[in-house]
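Quick caveat: nothing in here was measured; it's all calculated off a predicted structure. Proteins come first, then strands; the chains are lettered A, B, ... in the order of their sequence lines, and each starts at number 1.
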Number of protein chains: 4
Amino acid sequence: MRIRFALLGAGRIGQVHATSISSDPDAELVAVADVFEDAAKALVARYGGDVRSIDAIAAANDIDAVVICTPTNTHADLVEQFARAGKAIFCEKPIDLSIERVKDCLKTVAETGAKLMVGFNRRFDPHFMALKGAVDKGEIGKVEMVNITSRDPGPPPADYIKYSGGIFRDMTIHDFDMARFLLGEEIETVFASASVLVDPEIGRLGDYDSANVILTTASGKQCAISNSRRATYGYDQRIEVHGSLGMVSAENQRPVAIEVATAQGFMRPPLHQFFMTRYAAAYAAEIAAFIAMLGNDSAPTPSGHDGLMALVLAEAALDSIATGRAVRPDVI
Amino acid sequence: MRIRFALLGAGRIGQVHATSISSDPDAELVAVADVFEDAAKALVARYGGDVRSIDAIAAANDIDAVVICTPTNTHADLVEQFARAGKAIFCEKPIDLSIERVKDCLKTVAETGAKLMVGFNRRFDPHFMALKGAVDKGEIGKVEMVNITSRDPGPPPADYIKYSGGIFRDMTIHDFDMARFLLGEEIETVFASASVLVDPEIGRLGDYDSANVILTTASGKQCAISNSRRATYGYDQRIEVHGSLGMVSAENQRPVAIEVATAQGFMRPPLHQFFMTRYAAAYAAEIAAFIAMLGNDSAPTPSGHDGLMALVLAEAALDSIATGRAVRPDVI
Amino acid sequence: MRIRFALLGAGRIGQVHATSISSDPDAELVAVADVFEDAAKALVARYGGDVRSIDAIAAANDIDAVVICTPTNTHADLVEQFARAGKAIFCEKPIDLSIERVKDCLKTVAETGAKLMVGFNRRFDPHFMALKGAVDKGEIGKVEMVNITSRDPGPPPADYIKYSGGIFRDMTIHDFDMARFLLGEEIETVFASASVLVDPEIGRLGDYDSANVILTTASGKQCAISNSRRATYGYDQRIEVHGSLGMVSAENQRPVAIEVATAQGFMRPPLHQFFMTRYAAAYAAEIAAFIAMLGNDSAPTPSGHDGLMALVLAEAALDSIATGRAVRPDVI
Amino acid sequence: MRIRFALLGAGRIGQVHATSISSDPDAELVAVADVFEDAAKALVARYGGDVRSIDAIAAANDIDAVVICTPTNTHADLVEQFARAGKAIFCEKPIDLSIERVKDCLKTVAETGAKLMVGFNRRFDPHFMALKGAVDKGEIGKVEMVNITSRDPGPPPADYIKYSGGIFRDMTIHDFDMARFLLGEEIETVFASASVLVDPEIGRLGDYDSANVILTTASGKQCAISNSRRATYGYDQRIEVHGSLGMVSAENQRPVAIEVATAQGFMRPPLHQFFMTRYAAAYAAEIAAFIAMLGNDSAPTPSGHDGLMALVLAEAALDSIATGRAVRPDVI
């Protein structure tokens with residue numbers, strides 16, 4: 001049986017998901033909704049399906065699952081609507097910027113028994129998956145420390161910053177999720193340090209562009225995260241996990257693997273300049289995992305709870321900056 | 001205007017090309033032919049189009065171009081048939097194992113004015129393209145030496161070897177094409193050395209599994225090729241171009257870029273185990289290049305002549321082994 | 001004029017310094033002192049000079065400079081004695097584990113006008129020097145973040161731990177010095193997180209074996225340090241400096257640069273297993289720098305103040321762990 | 001018992017060997033001879049010993065071994081003189097440029113029973129030793145192919161070229177020795193291809209600056225060597241050995257292991273610019289091996305025969321170029 005999908009939001013990331021759905025033999029794209037009908041039409045012309053309204057999709061009998069990639073402030077409402085409508089839900093992160101709103105939303109999901117998967121795409125990057133695989137196989141023994149370097153090629157525009165929730169809820173949130181994923185244990189303390197070094201405008205908006213975070217768990221495991229909104233050499237995304245028997249690391253990805261050696265030295269081209277090319281395989285794999293999960297009726301991962309916990313850690317990071325202390329995140 | 005395609009041969013590589021055609025907005029898959037009708041049907045079910053006979057495709061008005069990926073011994077006949085039918089032709093290498101047959105075939109292509117592109121996919125590998133781009137931009141000055149390492153993960157079955165034309169016509173032929181492509185000058189002498197080190201059965205069939213080749217050009221440029229039918233660590237595909245100002249090299253590709261460090265050392269996983277995953281991007285790019293070439297009516301590259309010349313070099317290599325001499329390939 | 005040296009302490013590191021002194025054309029080894037006279041004799045037999053007492057060396061007219069590599073608890077007294085004796089002094093870190101004692105000692109040094117250099121050998125590692133050179137030349141623009149990974153191959157014996165002053169004064173102290181050296185600005189806040197993951201005995205002694213530290217400066221620069229007392233794969237010593245125009249990094253050093261590729265993957269041997277082989281070139285270079293500094297009468301670097309500041313940061317790190325807060329180190 | 005050495009030739013390489021001898025606890029430098037007495041005096045002033053004449057050294061009772069690093073055209077005479085004088089001999093390669101002269105010389109060595117080691121320093125490079133160790137331990141199974149890349153930073157002056165014996169006797173000779181060392185089997189055929197691409201002056205002197213060579217053995221093993229007299233990026237010295245179970249490779253060595261990442265890409269500094277810094281450890285290790293060999297009275301390796309065979313392969317390479325054929329080197 002093929003999973004019949006509706007896509008909510010026909011923007012950039014919507015198109016990525018449409019490609020994944022339409023090229024999966026176990027899925028088909030049945031409907032697309034977007035407030036800009038032309039965007040929905042263009043997408044349907046290329047990948048198939050009908051343009052429909054959100055409500056029509058919720059009411060439809062020929063739709064099993066929705067992929068929510070509308071603006072963040074609509075996510076929680078849509079998750080609730082489609083949970084009640086009995087659809088399986090893939091929702092882009094974050095469910096909401098407010099922890100309370102996310103909690104409410106997840107309550108509805110729990111009550112309806114709806115399946116909800118949150119779009120932490122990095123868990124599905126083939127390199128990070130291989131790294132996690134090595135950890136799970138015990139190749140590095142007992143996990144002790146996770147070190148994450150995560151830097152964007154360049155800062156987003158001020159308009160984006162304004163509604164982003166700030167660097168911890170927007171950018172570090174991915175690293176918080178990877179930290180929980182790789183430590184295999186809940187976070188007990190969060191210490192964060194942040195400054196404005198890249199763009200003073202970011203500071204004027206009350207946000208930061210450079211940050212370091214230390215997380216600890218009850219058993220003494222630690223995670224260090226290093227973030228910057230700007231890396232001139234491209235999208236810098238590295239993870240190391242250090243354990244009792246060794247270390248596993250995932251290197252940066254390069255669009256072309258050449259090296260030019262001259263009298264000046266050995267030069268390799270910059271990294272990917274864009275998260276969508278860097279994580280192209282991850283986006284495809286997360287939708288494939290969602291489809292597989294629906295197919296074998298297993299529990300969705302990353303779950304709504306995972307989405308919530310990453311947000312809780314972001315909140316704790318902000319609290320840490322305000323107080324200069326290591327902060328215990330809310331236990332949920 | 002979208003290019004309307006027919007696919008001849010619904011096997012492994014046919015499916016790869018079908019994916020490329022069907023996901024290109026400037027192309028569509030109209031028909032598929034295969035002697036095993038079920039294979040054609042399965043392909044059509046997934047990628048669209050009708051199952052038709054070869055002759056029906058040749059006679060059709062709704063088809064602009066064909067992709068030939070049938071067995072090698074049918075290539076030349078099909079190229080001739082479709083050249084006469086006025087279709088643009090993408091033909092998997094080689095056109096034929098006989099130089100005379102290829103020459104005849106190309107004569108027909110020339111007479112009909114048909115567009116013919118030969119499937120030397122490696123020219124379209126993004127890493128090799130970047131390497132060629134660096135050469136063309138003059139980053140390494142005047143080209144002096146090309147060094148190609150090309151090793152398969154494992155030897156093909158005896159049945160394949162029998163009809164393959166031998167290691168030079170089957171495997172080194174790709175390296176011969178890359179040598180011509182990168183040296184930018186015709187080959188003047190070919191010296192080859194070959195032995196049977198991997199599998200005695202290959203020797204019993206009169207073929208070799210390990211070879212080194214030196215090519216030279218009139219201006220004194222040299223190319224060294226190193227081949228083996230078996231590399232335990234995966235598909236080993238490296239190229240270096242050395243010039244007056246430096247060297248550009250393309251490293252091996254890895255399916256996962258992790259490293260596990262333990263008391264035993266630092267371990268990275270093996271390379272790709274299969275040419276179709278190693279060159280996945282190259283297969284897509286060569287079809288995209290064919291489509292673009294048809295769209296802007298430019299000369300097809302690699303051409304039928306390129307296909308012929310690679311075969312001529314393979315022949316010269318065999319002649320070199322027979323005589324122990326550096327051999328001048330036929331000038332054509 | 002050759003600098004005439006006395007070596008105080010003929011142990012492991014004393015031998016390293018003796019090699020450097022005796023192979024430097026601008027220096028000569030005149031005398032060696034050690035409480036174990038046999039050790040001093042053995043050293044003299046190999047590298048030349050006489051065995052003398054500490055006091056005889058202090059009183060000697062034929063000695064310009066001393067290298068102090070006796071046990072830590074003797075350093076401060078010896079520095080004072082030889083400062084008063086008018087000798088130039090190279091002293092292994094730390095001058096003392098007590099900040100007050102170091103301050104007193106430096107007061108004497110200042111009063112006597114003695115030249116004092118402290119043995120933070122890492123500043124002289126050729127790779128870290130090249131990294132610092134790139135920073136100073138502006139290749140990465142304005143420094144924003146320093147990331148230091150520093151892990152020992154294995155934990156020291158319990159007896160060593162007892163008198164070491166703990167991980168921050170013994171191990172991280174090198175990283176604190178590199179942080180100051182590379183940030184080019186004094187540290188304003190120190191946050192540290194530490195746990196016992198490697199060896200419970202270390203915990204019983206009141207020390208830690210795994211730590212992460214975040215340092216910040218007044219202008220918002222940050223430094224993250226990651227430490228472990230055990231890395232199965234060898235001595236892990238990496239530094240990255242991230243700036244407005246890019247990043248410079250120094251990779252780990254390997255005693256042998258081979259790679260064995262098999263069906264299991266690509267394996268490189270472990271890193272150095274010992275700090276004295278890893279930093280062999282650094283030890284030679286720091287003595288050469290000391291000799292050069294005496295030759296051209298320039299200010300010693302790293303200075304006694306540098307030694308003190310690294311200790312102050314270690315103290316702040318301990319304070320941070322005790323309070324769970326980011327701590328302002330004493331300004332001195 | 002310490003080996004008492006005389007050094008014949010106080011030039012650049014003589015100084016390197018003097019350092020090795022004088023810092024080895026099992027050796028001592030007793031005498032130095034050089035036609036330029038000032039050079040001998042300077043060396044003695046730094047490393048100890050007396051300045052003596054060649055004949056005085058031959059007649060001396062306090063000398064066990066000589067290191068010959070005088071000009072090439074004196075090597076054979078000196079080897080004979082010191083063989084007859086009963087000294088152990090370390091001779092820089094080549095013993096002579098004439099095969100006949102070398103044969104005569106080795107006859108004398110055999111008759112006198114003198115111990116003779118030839119200075120093929122690359123066998124003692126720690127990275128190549130580790131590579132050979134991996135081969136010997138069977139880590140790559142049965143050896144099938146050796147690939148050697150060997151490029152100098154820049155061409156020597158015309159005056160040097162004139163008396164060098166040409167690229168094969170001067171430069172490739174090292175690679176010929178490594179090929180024999182790694183293949184573990186004598187060479188049966190030699191094919192060489194050479195051209196003048198770097199400097200026309202080299203061509204006017206009847207020599208080449210760019211070459212590729214293929215060697216084969218009776219069992220079908222192959223070796224490919226790629227040479228250039230100029231590599232803008234530094235001293236390019238790489239070896240790969242491919243076998244039935246995998247491949248072992250030795251990477252290029254870098255004086256500093258940093259990388260600078262900017263918007264232009266990731267830049268590492270050039271390689272060593274000079275063979276004496278690249279092979280510093282190898283020079284020390286070969287003298288240590290010679291001393292150890294004398295200490296335990298084992299057979300010298302590389303032997304005079306090894307020196308001869310490398311020369312025979314160089315001759316065969318020239319013959320191959322003259323005839324365009326794969327040439328069987330003289331069996332000796």
Side-chain angles (χ1 to χ4, degrees), chain B residues 127 147-157 171 197-199 202 209-212 225-240 246-247 249-279, chain C residues 127 139 147-157 171 197-199 202 209-212 225-240 247 249-279:
Chain B
H127 313 288
N147 292 71
I148 301 176
T149 303
S150 173
R151 296 174 184 145
D152 284 348
M171 182 177 170
L197 299 169
V198 174
D199 182 357
I202 290 175
D209 53 38
S210 303
N212 281 287
I225 299 168
S226 193
N227 286 149
S228 173
R229 282 287 196 185
R230 181 251 295 112
T232 59
Y233 48 89
Y235 198 30
D236 188 355
Q237 299 278 299
R238 288 170 287 157
I239 301 182
E240 288 181 14
M247 172 177 66
S249 55
E251 304 161 21
N252 268 317
Q253 291 306 301
R254 297 168 184 280
V256 286
I258 66 164
E259 187 167 54
V260 176
T262 65
Q264 279 68 51
F266 290 70
M267 177 69 101
R268 293 184 293 165
L271 306 176
H272 289 279
Q273 294 299 325
F274 190 34
F275 69 94
M276 290 174 73
T277 52
R278 165 63 184 85
Y279 284 119
Chain C
H127 313 289
E139 293 183 20
N147 293 72
I148 301 176
T149 304
S150 174
R151 295 173 185 147
D152 285 349
M171 181 177 172
L197 300 169
V198 173
D199 183 357
I202 291 175
D209 53 38
S210 305
N212 281 287
I225 299 169
S226 193
N227 286 151
S228 173
R229 282 286 195 186
R230 181 249 298 112
T232 59
Y233 49 90
Y235 197 30
D236 188 355
Q237 298 281 298
R238 288 170 286 158
I239 301 183
E240 288 181 15
M247 171 176 66
S249 53
E251 304 160 23
N252 268 316
Q253 292 305 303
R254 295 167 185 280
V256 285
I258 65 164
E259 186 167 56
V260 176
T262 64
Q264 280 67 53
F266 289 70
M267 176 69 100
R268 292 185 293 166
L271 306 176
H272 289 280
Q273 293 300 324
F274 190 34
F275 69 93
M276 289 175 72
T277 53
R278 166 62 183 86
Y279 283 118

- Message: Quick check: under 4.5 Å, non-hydrogen atoms only, which of residues 251-260 of chain C neighbour chain B?
- Response: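 Residues of residues 251-260 of chain C touching chain B at under 4.5 Å: C/Arg254, C/Glu259.
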- Of all of C/Gly234, C/Ala263, C/Pro269, which one pairs up most often with chain B through heavy atoms under 4.5 Å apart?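 Top count of heavy-atom pairs under 4.5 Å with chain B: C/Ala263.
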- Partners passing side chain to side chain contact (heavy atoms under 4.5 Å, CB included) against B/Thr149 (at least two apart in sequence or in another chain):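 If we apply the side chain to side chain contact (heavy atoms under 4.5 Å, CB included) test to B/Thr149, skipping adjacent residues, the hits are B/Arg151, B/Asp236, B/Arg238.
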- Message: Checking C/Thr262 now: which residues fulfil side-chain hydrogen bond (donor to acceptor under 3.5 Å, both in side chains) with it, not counting sequence neighbours?
- Response: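 Applying side-chain hydrogen bond (donor to acceptor under 3.5 Å, both in side chains) to C/Thr262 gives C/Gln264.
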- side-chain hydrogen bond (donor to acceptor under 3.5 Å, both in side chains) partners for C/Ser228, two or more places apart: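 C/Ser228 satisfies side-chain hydrogen bond (donor to acceptor under 3.5 Å, both in side chains) with no other residue.
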- Compare every heavy atom of B/Phe266 with every heavy atom of C/Pro270, then report the nearest pair and how far apart it is.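 Nearest pair, atom of C/Pro270 first, then B/Phe266: CA-CE1, 4.1 Å.
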